[in-house]
Amino acid sequence: MRPVVEADAALYCDLYCDPDTMRFVGPPLTREQAQRNFRKVLKSTDCVLLVIVETASSQPIGIGAFLDFDTDRRRVEAGMMLLAGARGRGFGREGLRGLIDYALVTFAVDEVWIQHAADNMDARRVPVSLGLSHNTPSGSGKLVWSAYRQ
């Protein structure tokens, strides 16, 4: 992983404009909307973005993010999106493990949590395979998982 830079706008737009990628997230954005959002996110202090890079090819395959920093509870939300060609190849598991490790080393947090749509069975396999704790509030329509420092 590496920090997002201005040159990663196309990757960001490819992810947020793709209907399949956005299927469990929300409506896909237009290219113009995605470019505007990317510029905002680059300037934001509320979120940290990282590009997920395939080691073998050195090509970007997705974006990881940290948001909702809760300093009182010492926790942060992590999330990631992978390009269609990178899905189903183990990069989700490897990427999430990397995001968790990065957060616990870099930020003053003891918990890294993720959420995904309850009906996204592909996304569910990743936290289960990593042994994350299931913490879903009832009726939320989302599955919430946590990894703890201890």
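Everything quoted here is computed from the prediction, not taken from an experiment.
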Minimum side-chain heavy-atom gap [X]-[Y] below 4.5 Å:
{"X": "Arg75", "Y": "Val112", "result": "no"}
{"X": "Val76", "Y": "Leu67", "result": "no"}
{"X": "Tyr16", "Y": "Met81", "result": "yes"}
{"X": "Leu99", "Y": "Met80", "result": "yes"}
{"X": "Gln115", "Y": "Glu77", "result": "yes"}
{"X": "Val51", "Y": "Pro3", "result": "no"}
{"X": "Leu11", "Y": "Leu83", "result": "yes"}
{"X": "Met1", "Y": "Val53", "result": "no"}

Can you see which heavy atom on [X] is nearest to which on [Y], and at what distance?
{"X": "Pro27", "Y": "Met22", "result": "O-CE, 3.8 Å"}
{"X": "Asn135", "Y": "Ser146", "result": "ND2-OG, 2.7 Å"}
{"X": "Leu29", "Y": "Ala34", "result": "CD1-CA, 3.9 Å"}
{"X": "Ala78", "Y": "Ile114", "result": "O-CG2, 3.4 Å"}
{"X": "Val126", "Y": "Ser129", "result": "O-OG, 2.8 Å"}
{"X": "Leu132", "Y": "Trp145", "result": "O-CE3, 3.7 Å"}

| message | Between Arg124 and His116, is the side-chain contact (heavy atoms from CB on, under 4.5 Å) condition met? List the steps. | response | CA-CA 8 Å; Arg124 181 184 176 151; His116 62 82; 3.8 Å; yes

same_hphob_cluster([X], [Y]) at 4.5 Å side-chain heavy-atom cutoff:
{"X": "Leu96", "Y": "Ile52", "result": "yes"}
{"X": "Val128", "Y": "Ile100", "result": "yes"}
{"X": "Val48", "Y": "Leu82", "result": "yes"}

At what distance, to the nearest 0.5 angstrom, does [atom1] of [X] lie from [atom2] of [Y]?
{"X": "Tyr12", "Y": "Arg31", "atom1": "OH", "atom2": "CZ", "answer": "12.0 Å"}
{"X": "Tyr148", "Y": "Ser133", "atom1": "OH", "atom2": "OG", "answer": "5.5 Å"}
{"X": "Asp8", "Y": "Leu49", "atom1": "CG", "atom2": "CG", "answer": "9.0 Å"}
{"X": "Leu42", "Y": "Cys47", "atom1": "CG", "atom2": "SG", "answer": "9.0 Å"}
{"X": "Leu143", "Y": "Asn120", "atom1": "CG", "atom2": "CG", "answer": "9.0 Å"}
{"X": "Leu50", "Y": "Arg2", "atom1": "CG", "atom2": "CZ", "answer": "9.5 Å"}

| query | Listed by chain and number, what are the ring-ring contact (aromatic ring centres under 6.0 Å, His included) partners of Phe91, not counting sequence neighbours? | reply | none

| request: Flag yes if more than 12 heavy atoms outside Gln35 fall under 6.0 Å of its CD atom; otherwise flag no. | output: yes

| task | Fit a plane to each ring of Tyr102 and Phe107, take the angle between them on a 0 to 90° scale, and name the class: parallel (under 30°), tilted (30 to 60°) or perpendicular (over 60°). | result | perpendicular

| said: Tell me which pairs pass side chain to side chain donor-acceptor pair (under 3.5 Å) where either residue lies in residues 55-69, with sequence neighbours left out. | reply: Glu54-Ser57

| query | Are Thr21 and Arg87 close enough that a side-chain donor and a side-chain acceptor fall under 3.5 Å? | reply | yes

| Among all residues two or more places apart in sequence or in another chain, which pass the salt bridge (Lys or Arg N to Asp or Glu O under 4.0 Å) test with Asp46? | none

| said: Salt bridge or not between Arg74 and Asp70? Use side-chain N to carboxylate O under 4.0 Å. | reply: no

